[in-house]
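Working notes for the structure below.
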Amino acid sequence: MDATNRQVAEVLAEIGALLEILGENPFKVRAYARAAEVVGHLGRSVAGMDRDELEVLPGIGKAIAEKITEIVETGTCRERERLREAMPPGLPALLDLQGVGPKTVRRLWKDLGVGGLDDLEAAARGHRIRTLRGFGEKKEHEILRAVGVARRGSERMSLTEAEPLADLLLAAIPGEARVAGSLRRGRSTIGDIDIVTLAPAAETALALAGVADEVIDAGEKKVSVRIGGRRADVRFTAPDEIGAMLLYLTGSKAFNIRLREVARSAGMRLNEYGLTDQETGGLRRFRTEDEVFAALGMSPVPPELREDRGEVELALEGALPSLVDVQEVRGDLHVHSDWSDGSMSLEEIAAAGEARGYEYVLVSDHSASLGIARGLDAPGLARQQAAIEQVNRTAGCTLLAGVEVDIIADGRLGLPDEALEGCDLVIASVHSAFGQDEDVMTRRVIAAIENRRVDIIGHPTGRIIGRRPPVAVDMERVIGAAAENRTALEINASPGRLDLDDIYIKQAHERGVRLAIGTDAHAPSELANIRYGLALARRGWCGPGDILNTRSLADLTGRHG
DNA sequence: GCCGTTTTCGGCCCGACTGTTTTCAGTCG
């Protein structure tokens, strides 16, 4: 079977890492890393593309296009195999250690015979690292520490973990401070926390030391700490240059590189302090990011789009798409009540919706089937629909009668068709048999998509961040089927799920598939999670027309009547 | 390895901080 984009990207990234350890030209290394990035976030499958189509992609030329073709067909390529043979298999993993880069890996390997994590730990404990020229006692401790962190496993964190940490830091900083980095870009998982502040450096460093587990480093321009086992970087700036600093620290890295290339081609240099004229050496400072964009001849790029996925080119042409905005959201399309496993009564849901200024909320309780506590059977659902009608007589926010029906293992639904007849909107979700192989799972989900009673596929990949990996499902086929059948895919806004993720949202958007943002709220406070789903929609380049939640009540229910 | 209304060769983002150093290499973001 043809390799997926993800698999191709992994091979390319590995080639980059192997070349790096071997001391190859850093620009060649970067070329592989960039190509891996491009393939990993491409809207269509590279398996279906010929050489010429591949070579048109940014960062992909003749050599890498050939390798992609080879990887698609064989799952690997001769270049990777050749490079792998040149070193112990455990070596590339060492690049992930904090404070350990390619030069260090190479020295450890060549001078100490280190071939992996275990060797490295033994060498550090045996005090052999400090014997190397250019290495000392501190480096040895740093490495030992990094090995410990790696063994505990340090994946990216969920938003439920990142936000409280960020809030803790913001509260501790004695002055105005703003969150930047991937948290500001609305990514579904966060690597580290980045903050820009106007507060004085010395005072801030002291305050941060008080709340953090450890100060990693502290200088005049920045302080890095570890808090809750996570890294946070705080940069100091001034009001007249916070524009460039925010831009820099918000990233992404790839976006920053592209922006600096744009500056360069216009005879300027961009850094976190501003724009320097190459000829005069004069520095222009900026109070806002928008002023920096303007000086570069670009329209402002929203943080959610800053990934170097084509947005820079469009901004230069002034042709960025307009993204769905929070004010355009008229309702929540996935909420549970106390008729199944939620805590809210129907009245409470209507009140919570009204408090948020919504026109409607879709009540979508679980259907009764194995594994779901207190799910509704057909008579239960009918009774709930009658109750919803009652509440709607007085409620300021209309409750839509829905259901989150199980897609059972063979692709049929957990409730009979007649039971779904009375629903305004039907969500169908996988809640069992997560381990099915890809083809079975894909056909199972597509069967639900093809069922004309189903309006929305709930949390399509089933992932729970940090706890459960996505199910094996061919999203390209699922998105294609959703496009054909005009079935919407959910952007589940629960911060533990955030499912679909941005890459699939963008693919769905490009295929004209509608997306439904649902918080999956089980309690009133969780309706506020809609903002996470909205950020994801924006990261997937969605405009208001792509999102069901921007439709009026009449529009939404009319498509059924 | 990629790329080009200055180029098909010669560039390739830019700065902060640390550790081990007598002036800088390596790592990170």
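In what follows, every chain begins at residue 1, and chains take the letters A, B, ... in the order their sequences are listed.
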>> With rounding to the closest Å, how many angstrom separate the P atoms on dT22(B) and dC17(B)?
In response: 22 Å
>> Assess, by modelled atom type and distance only, whether the side chains of T69(A) and R51(A) contain a donor and an acceptor separated by less than 3.5 Å.
In response: yes
>> With a 3.5 Å cut-off and heavy atoms only, can you find an N or O donor on one side and an acceptor on the other between the side chain of D192(A) and the base of dG29(B)?
In response: no
> How is Y248(A) classified with respect to the nucleic acid when contacts are heavy atoms under 4.0 Å: base, sugar-phosphate, or nothing?
Replying inline: base
>> Can you tell me whether the side chain of R260(A) and the base of dC14(B) have a donor-acceptor pair closer than 3.5 Å?
In response: yes
> When the P atoms of dG1(B) and dT6(B) are considered, how many whole Å apart are they?
Replying inline: 27 Å
>> Taking dC13(B) as the reference, what is the distance to dG29(B) when you measure between their C1' atoms (whole Å, please)?
In response: 12 Å
> Looking only at atom P, what distance separates dC9(B) and dT18(B), rounded to whole Å?
Replying inline: 45 Å
> How would you label the contact of V29(A) with the nucleic acid (heavy atoms, under 4.0 Å): base, sugar-phosphate, or nothing?
Replying inline: nothing
> What nucleotide among dG19(B), dC12(B), dG29(B) has an atom nearest to a side-chain atom of Q98(A)?
Replying inline: dG29(B)
>> Checking base pairs now: Watson-Crick or wobble, both atom distances under 3.5 Å. What partners dG4(B)?
In response: dC9(B)
>> Classify L249(A) by what it touches in the nucleic acid, base, sugar-phosphate, or nothing, heavy-atom distance under 4.0 Å.
In response: nothing
> With a non-hydrogen cut-off below 4.0 angstrom, is P58(A) in contact with a base, only sugar-phosphate, or nothing?
Replying inline: sugar-phosphate
> Among side-chain atoms of D499(A) and N492(A), is any donor-acceptor pair under 3.5 angstrom?
Replying inline: no
>> The test is salt bridge (Lys or Arg N to Asp or Glu O under 4.0 Å); show your working for R284(A) and D277(A) and say whether it passes.
In response: CA-CA 8 Å; R284(A) 278 180 71 189; D277(A) 188 305; over 6 Å; no
> At under 4.0 Å, does any side-chain N or O of Y273(A) touch on OP1 or OP2 of dA16(B)?
Replying inline: yes
>> Between dT20(B) and dA25(B), how far apart are the two C1' atoms, rounded to whole Å?
In response: 10 Å
>> Between dG26(B) and dT21(B), how far apart are the two P atoms, rounded to whole Å?
In response: 13 Å
>> Given dG15(B), dC2(B), dG19(B), identify the nucleotide with an atom nearest to the side chain of E272(A).
In response: dG15(B)
> Looking at the side chain of T104(A), which of dC2(B), dC12(B), dT27(B) is the nearest nucleotide?
Replying inline: dT27(B)
> Reckon N25(A) touches a base, only the sugar-phosphate, or nothing at all at heavy-atom distances under 4.0 Å?
Replying inline: base
> Do we see a donor-acceptor contact under 3.5 Å between the side chains of D233(A) and S224(A)?
Replying inline: yes
>> Using the side-chain heavy atoms of K222(A), tell me which of these nucleotides is nearest: dC17(B), dG29(B), dC12(B).
In response: dC17(B)
>> Can you identify which nucleotide, out of dC13(B), dG1(B), dC17(B), has its nearest atom closest to the K221(A) side chain?
In response: dC17(B)
> Under 4.0 angstrom, heavy atoms only, what part of the nucleic acid is K253(A) near: base, sugar-phosphate, or nothing?
Replying inline: base
>> Regarding D217(A), tell me which of base, sugar-phosphate or nothing describes its non-hydrogen contacts under 4.0 Å with the strands shown.
In response: sugar-phosphate
>> Testing the 3.5 Å rule here: is there a donor-acceptor pair between the side chains of E161(A) and S158(A)?
In response: no
>> Nearest to the A63(A) side chain among dG1(B), dC28(B), dC12(B), which nucleotide is it?
In response: dG1(B)
> Think R269(A) has a side-chain N or O under 4.0 angstrom from the OP1 or OP2 of dG15(B)?
Replying inline: yes
